[in-house]
There are 2 protein chains.
Amino acid sequence: MPGDQGPQRRGPTIYDVARECGVAPSTVSRAFSRPGRVNAETAARIRAVAETMGYRANPLARALPTGHTSLLALIVSDVTNPFFFEIIRGAEQAAAAAGYTVLVSDVQESAQAERQALDRVVPLVEGVVLATSRMSDSTIRVMAKQRPTVVLNRVLTEVPSVVTDNSRGMRRAVEHLGELGHHTVAYAAGPEASWADGMRWRSMREAGYELELKVRRLGRFEPTVRGGLDAAHALALAPATAVVCYNDLVAIGLMRGLSSMGARVPAEVSVVGFDNIFGSDFCSPPLTTVAAPLRALGSHAVRALLRELGHTTPHAVRATVLPAQLVVRGSTAKPGRRRHAWTKDAAAPPEPVSGPARASGSASAAAATAAFPSASSAASAAAPARTGQPAHSPPA
Amino acid sequence: MPGDQGPQRRGPTIYDVARECGVAPSTVSRAFSRPGRVNAETAARIRAVAETMGYRANPLARALPTGHTSLLALIVSDVTNPFFFEIIRGAEQAAAAAGYTVLVSDVQESAQAERQALDRVVPLVEGVVLATSRMSDSTIRVMAKQRPTVVLNRVLTEVPSVVTDNSRGMRRAVEHLGELGHHTVAYAAGPEASWADGMRWRSMREAGYELELKVRRLGRFEPTVRGGLDAAHALALAPATAVVCYNDLVAIGLMRGLSSMGARVPAEVSVVGFDNIFGSDFCSPPLTTVAAPLRALGSHAVRALLRELGHTTPHAVRATVLPAQLVVRGSTAKPGRRRHAWTKDAAAPPEPVSGPARASGSASAAAATAAFPSASSAASAAAPARTGQPAHSPPA
DNA sequence: ATGAAAGCGCTAACAT
DNA sequence: ATGTTAGCGCTTTCAT
């Protein structure tokens, strides 16, 4: 029966308050949702009575006719990944400031579980922020048709986005390594589906070209500590004095792998991470990393979304680019002498790694040499860019 | 106007599907929410038509008459605290398995912001899991009156709870330290409002008494890395060869503080944490810690909550106690010789720390000596206890 | 097994 | 400024 208690403890409604006040229910409604459209005194009286009766507006009932749930969804690929912590925090803050609540939804598992989680959450919210690296562009576009959408860390035509300035960040990292005296730097790549990975690798090639450093790619590893461990093995096969990693998790795993193989960081290998996640400052050694403006990423994303909700008319889709910052800690240093023990390239003779290095030509299959001109020149976005076209055009 | 588009893109309703199928709307409704109460064939036809029309039930409309939102709230004191990561994950898993979605809500800031966040979330959900250490017991009881509630990491009469077996965990930690040869162990205390802190300190005193180790309390520190840094200074004033920390964050901070003061961990000081959060394995040295069953904590909490929702009749309130496990890593070792440089007790002469230690009597005000009998004997919960009365009676 | 109709609590025309 | 009334999309009696 409709009138049952249900799991929801039902309290007084506007009807109860109205009766108590001797006014019409609509007046009570207005007293709350449209103050000013009702006599100041009656409004005050209504509020007082409502207060003593313990009246609370039912958000469900309020949302049904209007579609205004005051809910936003933040879809992440893994709540457990520290990369998202500050993003979530930033998003919640911006949302709360606007009277919205964010529904954080985790869609890791299968594509099917993803679909299910989305189906459950999306109908409830007014808009969604997508922060899941491995979701396909087309799935994202489909989503964007159903609800106002903003995508994080990826640039898409048609869907507004908020991204870190990977290009400048990478540039800083490579400069730093160059200044320390490294001549060849490796990139421990992340998932192919990751837009950020593409940007980072590409930016690294550009930076390497301009700064005249040799650049090599290692791998494709899982974006986890585990993946970093794998990267350590790949590095043993194709040594380098410095490695920039797809993200901090990989960098941390790499450092651990390296140290368990007996290679000293940063004495023998310098390691740079990406993102500056929780934990990157207390790993050992503390990680030098390209800090993403995590909190800002989250808050800008919801602000962009809120803007989107406001727009009733079509308008320009834009990408917001937020500046990254190189945080230098203990995992990078001048290239040092290598105790050759930990490398495994039995074939190639040991070669001096400091000095005008020639990249080992006989590198493993996983490593690709790439030090050639690239189509576009270095990015030039203003550092504190809050919004505007991305400094770097997305890879077609 | 009620019929506008709103922010919500409205799709086909049961009325549309009904018309298309030549049946009544109520039949369509039944076809979905009460399969079996409708002819198998018509049901199939309805589903098919609905599918092609892209019909999706509106959860708001569904929830309004029934109060069944399929939403649960998980209130945490700080989404950013790694302690909650796996808890959230566990909760989401258990919820999803039951067709529920969890709304994670962060209520850090002010008590006022807390109230606001709660007001926004609670009316939407069918039940709530409270995982916020610093919320008062009375606030919790008030909450429990409004919605079915389960509280995490704290035992309350009247409200069902899920907790870690702090007692056994602490016991293991102290045993471990004792076996290594430590004679006096310090406890770096956490917030006074924390139920877990009370349990841990109390359990430590009991364990110390039974195992004949001296036990001292340091502090009350913020439950953060920052607090651990403070603990390092406190420890310099009142040295000990081993310290168990309120949680991993404090332990990590302590290790950092210690090492920046020139004290070696574990050579000079052994450090034990609590919880086994993300990061505790890659800090330096890797942290020995009492691992809380984080994931299980989350999933048991929602299962308990779901059970609560099922119960329509009053029933016994119970506490579920989940076993902790000592994870021995690199931060603990036999007590070694102390290079006295880092301690700061100018007053007291240096004393040998290994050997039948007498706790330094001239300890700082922050340190309290406590090695005396305690009222209750050691806990005796079965290790894999899934549920039942807590092994240790809650502090009145 | 299915249809008709009331109602969940609120908002928003449309009156007055 | 306030009252009247019709929905929002669904569930659920109550009939048939």
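Order of the sequence lines sets the chain letters (A, B, ...), proteins ahead of strands, with each chain counted from 1. We use all heavy atoms of the structure for the numbers below, so side chains are in, but hydrogens, waters and symmetry mates are not.
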Item to check | Pair S26(A), S29(A): side-chain N/O donor-acceptor within cut-off below 3.5 Å | outcome: no
Item to check | Spacing between I14(B) atom CD1 and dT11(D) atom P, to the nearest angstrom | outcome: 6 Å
Item to check | Pairs involving residues 22-41 of chain A, ordered by first then second residue, that meet salt bridge (charged side-chain N to carboxylate O under 4.0 Å, His left out) (sequence neighbours left out) | outcome: none
Checklist entry - To the nearest angstrom, how far is F32(A) atom CZ from dT2(D) atom C1'? => result 16 Å
Checklist entry - Roughly how many Å is it from CG in N58(A) to C1' in dC10(D), rounded to a whole number? => result 14 Å
Checklist entry - Pick from I140(A), V162(A), V163(A), V129(A): which one makes a side-chain contact (heavy atoms from CB on, under 4.5 Å) with V151(A)? => result I140(A)
Using a cutoff of under 3.5 Å, can you pull out all pairs of nitrogen or oxygen atoms linking the protein to nucleotides 1-5 of chain C, with atom names and distances?
unit_1 : atom_1 : unit_2 : atom_2 : d
dT2(C) : OP1    : T42(B) : OG1    : 3.1
dT2(C) : OP2    : N39(B) : N      : 2.7
dT2(C) : OP2    : T42(B) : OG1    : 3.1
dG3(C) : OP2    : A24(B) : N      : 2.7
dG3(C) : OP2    : T27(B) : OG1    : 2.6
dG3(C) : N7     : R30(B) : NH2    : 2.8
dG3(C) : O6     : R30(B) : NH1    : 3.3
dA4(C) : N6     : S26(B) : OG     : 3.2

Item to check | Trace of the side chain to side chain contact (heavy atoms under 4.5 Å, CB included) decision for N58(B) with L64(A) | outcome: CA-CA 9 Å; N58(B) 178 334; L64(A) 188 49; 4.2 Å; yes
Checklist entry - Rounded to whole angstrom units, what separation is found between the NE2 atom of H68(B) and the C1' atom of dT12(D)? => result 15 Å
Item to check | side chain to side chain contact (heavy atoms under 4.5 Å, CB included) between M135(A) and M143(A), worked out | outcome: CA-CA 11 Å; M135(A) 187 178 281; M143(A) 174 76 263; 5.8 Å; no
Item to check | Global bending angle along the helix from dA1(C)-dT16(D) to dT16(C)-dA1(D), which compares the axes of five pairs at either end, to 10 degrees | outcome: 30°
Checklist entry - Is R134(A) salt-bridged to E114(A), cutoff N-O under 4.0 Å? => result yes
Next on the checklist: Taking any heavy-atom pair under 4.0 Å as a contact, classify Y55(B): base, sugar-phosphate, or nothing.
Outcome noted: sugar-phosphate
Next on the checklist: Measuring only between side-chain heavy atoms, which start at C-beta, is W195(B) closer than 4.5 Å to V155(B)?
Outcome noted: yes
Next on the checklist: Looking only at the aromatic ring of each residue, does the gap between the centers of F32(B) and Y55(B) stay below 6.0 angstrom?
Outcome noted: yes
Checklist entry - Would you say S29(A) reaches dC10(C)'s phosphate, i.e. side-chain N/O to OP1/OP2 under 4.0 Å? => result no
Checklist entry - Quick one: do R141(A) and E158(A) make a salt bridge, cutoff under 4.0 Å? => result yes
Item to check | Short side-chain N/O contact to dG9(C) OP1/OP2 from R62(A), under 4.0 Å | outcome: no
Checklist entry - L124(B) has an atom CG; how far is it from atom P of dC10(C), in whole Å? => result 14 Å
Item to check | Separation of atom CG in L60(A) from atom P in dC10(C), rounded to whole Å | outcome: 11 Å
Checklist entry - Rounded to whole angstroms, how far apart are CG on D16(A) and C1' on dG9(C)? => result 10 Å
Checklist entry - T13(A) near the nucleic acid: base, sugar-phosphate alone, or nothing, with a heavy-atom cut-off under 4.0 Å? => result sugar-phosphate
